[in-house]
Amino acid sequence: MIPGLHHNTVHIDFLKKAAGAVVVLFIFFLAIPQQATAQTKQRVVQLSGFVAVGDSLYGVAGVSIYVPGTSRGTQSNEFGFFSVPVVAGDSVLFNALGYKKQYLIIPKTYSSDSYSIIMQMQEDPTELPTVDVFPWPTERDFREAVANVKLPDEGRAMAMRNLDPERLEELFKTTPMDGGANFRFWQQQQMQQQQNRVMYPTISPFAIPALIDALFKGNSK
């Protein structure tokens, strides 16, 4: 073996490894700005449209339209229209009380600056359990409270006076008739007049002298 040959071989291998590490670090540092540039160049898309109830033309107001985990979001106005900036590739959530959640994915390869849609919300009514508000702990306590209520003497005397049969008859006679009662009274008068015409036929006053003269002459006709 030539003296010093092994030492030179180790030194050359170290230099090769060091050079390879430098190349890898150089490529890594070149890739970082490219990734950052790619992230900063994400396309911003103006998402706008109309939120409707099913397949109708009725707009839904107050629908929350946002990208979960971000600050991008808005609400539909009183007529159901909205507009919000999003990024290509976002998953947009449409959420409103009484409706099912709807999702819209903006394609990553979308090349336009605007995106218009009509979002059809499906009704999802939430039935809440019935709550009976009762001021007493149990129904038995309520019945006992009602049974033990003591009316003031003045109110009791007034109630008895208003329910007196003579008082009620007097009110019935003196209370003016309403529209329905007046109509029934008019119908009764019309029927009575028709009956009187059948039972008691009317005679013209001018025909009485002729009738008397005919009777004296013996003309029964």
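- Annotation for Leu97: hydrophobic cluster partners, listed by chain and number, are none (ILVMFWY side-chain heavy atoms under 4.5 Å, direct or chained).
- Residue pairs meeting the salt bridge (charged side-chain N to carboxylate O under 4.0 Å, His left out) criterion with at least one member in residues 107-124, sequence neighbours excluded: Arg43-Asp113.
- Qualifying ring-ring contact (aromatic ring centres under 6.0 Å, His included) partners for Tyr115, counting only residues two or more places apart in sequence or in other chains: Tyr110.
- Considering only residues two or more places apart in sequence or on other chains, Glu144 meets the salt bridge (charged side-chain N to carboxylate O under 4.0 Å, His left out) condition with Arg140.
- With sequence neighbours excluded, no residue forms a side chain to side chain donor-acceptor pair (under 3.5 Å) with Ser114.
- Listed by chain and number, the residues in a salt bridge (charged side-chain N to carboxylate O under 4.0 Å, His left out) with Glu166 amount to none (sequence neighbours excluded).
- Evaluation of the salt bridge (charged side-chain N to carboxylate O under 4.0 Å, His left out) test over residues 98-107, restricted to residues two or more places apart or in two chains, returns none.
- Scored by the side chain to side chain donor-acceptor pair (under 3.5 Å) test, Arg184 finds no partners at all (sequence neighbours excluded).
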With a 3.5 Å cut-off and sequence neighbours excluded, list the donor-acceptor pairs that the side chains of residues 48-62 form with protein atoms.
{"residue": "Ser56", "atom": "OG", "partner": "Val53", "partner atom": "O", "Å": "2.5"}
{"residue": "Ser56", "atom": "OG", "partner": "Tyr58", "partner atom": "N", "Å": "3.4"}

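- Remark: Glu78 pairs with no residue by the side chain to side chain donor-acceptor pair (under 3.5 Å) rule, at least two apart or across chains.
- Applying the side chain to side chain donor-acceptor pair (under 3.5 Å) test to Gln46 and every residue at least two apart in sequence or in another chain returns Ser83.
- Using modelled atom types, one side-chain atom of Ser76 and one backbone atom of Val63 make a donor-acceptor pair closer than 3.5 Å.
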Donor-acceptor pairs under 3.5 angstrom involving side-chain atoms of residues 89-96: please list them, not counting sequence neighbours.
{"residue": "Asp90", "atom": "OD1", "partner": "Arg72", "partner atom": "NH2", "Å": "3.2"}
{"residue": "Asp90", "atom": "OD2", "partner": "Arg72", "partner atom": "NE", "Å": "3.1"}
{"residue": "Asp90", "atom": "OD2", "partner": "Arg72", "partner atom": "NH2", "Å": "3.0"}
{"residue": "Asp90", "atom": "OD2", "partner": "Val87", "partner atom": "N", "Å": "2.8"}

